[in-house]
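First up is the structure itself, then whatever we jot down about it.
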Number of protein chains: 2
Amino acid sequence: MTTARRPPTLEDVAAAAGVSRATASRVLAGTGYAAPVTRDRVTAAADRLGYVPNPAARALVRGSGVRLVVVVAGADATVLDDPYVDRVVGAAARVCAPYGLGVALHWLPTREPAGLRRLAEDRSVGGLVLVNTTEAMLAAIPRALRGRVASIGIGSALVPSFDVDNGGGTAATVRHLYATGRRRIAMVTGPHWLSCAGRSVGAYRQVMSDAGLPVRLVPGDFTARRGRAAAGEVLARWPDTDAIVGISDATALGVIDRLRGAGVGVPGDVAVTGFDDIPLAAMTTPALTTATHPVAQIATAAATAALAGRPAPPVTVFPSRLVRRASG
Amino acid sequence: MTTARRPPTLEDVAAAAGVSRATASRVLAGTGYAAPVTRDRVTAAADRLGYVPNPAARALVRGSGVRLVVVVAGADATVLDDPYVDRVVGAAARVCAPYGLGVALHWLPTREPAGLRRLAEDRSVGGLVLVNTTEAMLAAIPRALRGRVASIGIGSALVPSFDVDNGGGTAATVRHLYATGRRRIAMVTGPHWLSCAGRSVGAYRQVMSDAGLPVRLVPGDFTARRGRAAAGEVLARWPDTDAIVGISDATALGVIDRLRGAGVGVPGDVAVTGFDDIPLAAMTTPALTTATHPVAQIATAAATAALAGRPAPPVTVFPSRLVRRASG
DNA sequence: TTGAAAGCGCTAACAG
DNA sequence: CTGTTAGCGCTTTCAA
C-alpha cells in the first residue's frame with residue numbers, strides 16, 4: 001500500500017520535468033515563453049503526476065479572487081427562498097467549476113445597499129452577480145469592482161445588464177389575449193421597487209392604451225400565495241374581468257387556484273397567463289399560457305461576464321417567446 | 001476624493017493596533033490567547049479599517065480548501081439540469097457564504113466514479129457533497145477526504161449519509177391509498193441504479209405484499225416526461241389499475257397528464273400520488289397528494305457536515321410526511 | 001528561453 | 001500572553 005502521498009504541487013511537476021518552478025508555471029498557466037520541448041516535458045510530467053493547480057494559491061498571488069458572489073436584494077432574507085435564486089446559483093456554479101471557483105449566496109437588505117462595500121473589500125471575491133438590482137445598489141458599487149460585476153436586471157455604465165425581454169414577452173401575451181377576444185384584461189404585477197418588473201407593467205399599459213382599453217392593476221410579488229389574494233381583489237373590484245395577466249407563472253397558478261375556488265371557469269370565463277414557462281407550466285390543468293424566461297442562459301451569461309474581467313456589452317436582452325397553451 | 005486604497009490586510013490592522021501580525025491573527029481568528037485589552041484594541045482597529053480576512057490566504061496556509069463541490073452522478077451532464085440539483089446547490093451556497101467559501105457544481109459520469117480522485121487532489125476543495133450516490137462512488141472516495149465528504153443518498157463507514165425517509169413516506173402513501181379503497185396500485189419507479197430510490201420501491205412492495213396485493217412496477221426516471229410514458233404502459237399492461245404511485249411529483253404530474261389525455265378521471269378512476277411536495281403540488285388540478293421531501297434541510301445538513309471536518313453521525317434520516325390533497 | 005528571488009495574506013509553531 | 005520566524009503553492013519581475 002502506497003503511503004498517503006500529498007497531492008503534487010507545481011514544485012513536484014517542475015522537478016519531474018527537470019525545469020524550474022517558474023518555467024513550469026509559465027507552461028501550465030499558458031503565459032509567457034517556453035521552448036516546445038520544455039513545454040512537452042512539463043505537460044507530460046503534470047499529466048503523469050495528476051497535477052491539479054491550487055486555485056487558492058493562484059488567487060492569492062494574482063489577487064483575482066476565488067469565488068463569485070450572487071447578491072440578492074430584498075426586504076428580508078426570505079428572498080433567498082425563491083426557486084429562481086436557486087436556478088441562478090446553480091447556473092453560476094456550473095460556470096465557476098472549470099475555473100476552480102465557487103459560488104456564494106448573499107442577501108443584501110434593500111435598505112442598506114452599502115453592504116456591497118464589505119463584499120468589495122473581500123479579496124477572495126472574484127466577481128459579483130446582482131439579482132433584483134436597484135438603482136441604489138448600482139450607485140453603491142465601489143469602482144474597485146469595475147468589470148467584475150454583472151446585473152441580472154437593470155444595469156449602469158459600470159455594470160452590464162443581463163435580462164429577459166419581459167416587456168416584449170408581456171406585450172405578446174397581452175396582444176394574444178386581445179386577439180382571442182379578451183377586452184377587460186387585468187394584471188397582477190411584481191413589487192413596485194423592482195424596475196425590471198416595471199417593464200412588464202409598462203408593456204401591459206402600452207398595449208392596453210393602444211387598444212383603448214382600461215388599465216386594471218393589482219400589486220403582487222411573484223408568489224402563488226400573493227397571486228391568490230390578488231385574484232380575489234380583481235374579482236371584487238372589476239367583476240367583469242375576462243383575463244388576468246400574471247407577472248410570473250407562480251402568480252398565475254395562484255390566480256387560477258383562487259378563480260377555481262370562486263367557481264370561475266378558466267379559460268372559459270377568465271383567461272389567465274403567466275410568465276417564465278417553468279417546466280410544470282405544461283403539466284397543470286389547464287396548461288398555462290405563458291412567455292419563456294431563459295433563466296439559466298441569463299445567469300450563465302451574467303456569471304461569465306462577472307468573471308471575464310473585460311468589459312461586456314452594457315445591455316444584453318434575451319428574447320421571451322409566447323407559449324400558447326390552454327389557460328388563455 | 002480619497003485615493004483608491006487597497007483593502008486593508010491583517011498587517012494594517014496589526015500596525016493600527018500596535019501589535020504583531022500574529023497577535024492580530026489570534027484575536028481575529030478567535031484562536032489562542034490574547035489579553036482582553038489587546039483583544040479590544042485589535043477588534044477596534046479591524047472594525048475601523050473595515051478589515052475583511054482573505055479566505056484564499058487562510059485556506060492556503062491551513063490547507064483547508066476554499067470551495068465545496070457538489071458532485072452529481074449521472075449518465076450524462078443533463079443530470080445537472082434537474083431543479084433538484086439547483087436546490088441543493090442553493091442551500092449549500094447559503095451554508096458556505098459565512099465561511100467565505102463557495103460552491104462548485106460537477107457532473108460525475110456514472111461509469112467512471114474514479115473521477116472523484118481528481119477532485120480529491122485539488123487542494124482548493126474543502127469538501128464534497130455527493131448527490132445520486134452509488135456504491136462505486138463511495139468506494140472511490142480517497143481516504144484523504146475522510147471527514148470532508150457527505151452524501152445525499154446512501155453512505156458508508158467513511159461517508160455520512162443524509163436523506164429523506166422515502167421508504168416511510170412511500171409506505172404512508174401506499175397505505176393511504178389502500179385505506180381509501182384502492183387495491184390495484186401500480187408504481188412508477190426511479191432509475192434502477194439509484195439505491196435510494198430503491199427504498200421507495202421496497203416500501204411499496206412491502207405494503208403491497210402485506211396486504212396480499214399484486215406488485216405492478218414500471219421504470220421511470222423522476223421526470224414528468226417519463227411519467228407520461230410510464231402511465232401509458234400501466235394503462236396498457238393493467239387496464240384495471242385504480243391507483244398510480246409516482247416516485248416524484250414531476251412523475252405524478254406526467255402520469256396525470258397522460259391519464260387525462262386517455263380520458264381517465266383522476267382521482268375518480270385512478271388515484272395518483274407523488275413524492276416531494278414541490279411548491280406547485282398544491283396548485284395543480286387536482287391538487288397533488290404527495291409526501292414531503294425537505295431538500296433544503298437535507299442539503300444544508302450535508303453541506304454543514306462536509307465542512308465541519310469532525311465526524312458526523314453515519315446516517316441522518318429526515319422524516320417524510322404524507323400530504324393529503326385531491327389527487328388520491 | 002530559462003532560473004533565482006521576492007512576495008500575495010495569512011496561520012502556526014516556538015521562543016521569550 | 002506576545003513577537004519572531006517559517007512557510008502554504010503559485011506567479012512574476014528581473015537577470016542571466
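In this text the structure is predicted, and so the values were computed from the model without any measurement. Letters A, B, ... are given to chains in the order of the sequence lines, protein chains preceding strands, and every chain is numbered from 1.
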Distance, rounded to the nearest Å, where [X] contributes [atom1] and [N] contributes [atom2]:
X: A:Asp122; N: C:dC10; atom1: CG; atom2: C1'; answer: 13 Å
X: B:Leu10; N: C:dT11; atom1: CG; atom2: C1'; answer: 9 Å
X: A:Leu60; N: C:dC10; atom1: CG; atom2: P; answer: 9 Å
X: B:Arg62; N: C:dA13; atom1: CZ; atom2: P; answer: 12 Å
X: B:Arg26; N: C:dG9; atom1: CZ; atom2: P; answer: 21 Å
X: B:Asn54; N: C:dG7; atom1: CG; atom2: P; answer: 18 Å
X: A:Arg123; N: C:dC8; atom1: CZ; atom2: P; answer: 11 Å

query = Nearest to the side chain of A:Ala34, which nucleotide is it out of C:dT2, C:dG9, C:dA4?
reply =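 The answer is C:dT2.
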query = If you check the B:Arg58 side chain, which of C:dG9, C:dT2, C:dT11 turns out closest?
reply =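 Nearest to the side-chain atoms of B:Arg58, counting from C-beta on, is C:dT11.
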request  = Assign A:Ala35 to base, sugar-phosphate, or nothing according to its heavy-atom contacts below 4.0 angstrom with the strands shown.
outcome  =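 Sugar-phosphate only.
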inquiry  = For a quick check of understanding: with a heavy-atom distance under 4.0 Å over all strands, which category does A:Ser25 fall into, base, sugar-phosphate or nothing?
reply    =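 Counting heavy atoms under 4.0 Å across all strands, the contact made by A:Ser25 includes a base.
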task = Kindly say whether A:Gly74 contributes a backbone atom to a donor-acceptor pair with the side chain of A:Thr110 at under 3.5 angstrom?
result = yes
query = Counting N and O atoms only, with roles assigned by atom type, does the side chain of A:Thr38 sit under 3.5 Å from a partner on the main chain of A:Ala34, one being a donor and the other an acceptor?
reply = no
inquiry  = Checking A:Thr78 against A:Asp76: is there a side-chain donor and acceptor pair closer than 3.5 Å?
reply    = yes
task = Walk me through it: do A:Asp12 and A:Tyr51 pass the test side-chain contact (heavy atoms from CB on, under 4.5 Å)?
result = CA-CA 9 Å; A:Asp12 300 327; A:Tyr51 171 69; over 6 Å; no
key: Worked verdict on B:Ser124 versus B:Asp122 for side chain to side chain donor-acceptor pair (under 3.5 Å)   = CA-CA 5 Å; B:Ser124 77; B:Asp122 187 333; 2.7 Å; yes
query = Is any side-chain N or O of A:Thr23 closer than 4.0 Å to OP1 or OP2 of C:dG3?
reply = yes
remark   = Bounded by its outermost nucleotides with an atom under 4.0 Å from a heavy atom of chain B, the footprint on DNA chain D reads D:dC1 to D:dG9
ask   = Are B:Arg94 and A:Asp81 within salt-bridge range, i.e. N to O under 4.0 Å?
value = yes
Along DNA chain D (nearest heavy atom to each residue), the more 5'-positioned of B:Thr38 and A:Val61 =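 The residue closer to the strand's 5' end, by nearest nucleotide, is B:Thr38.
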ask   = Which is it for B:Phe162 and B:Gln297 under the side-chain contact (heavy atoms from CB on, under 4.5 Å) test, yes or no, and what are the steps along the way?
value = CA-CA 10 Å; B:Phe162 296 82; B:Gln297 262 187 59; over 6 Å; no
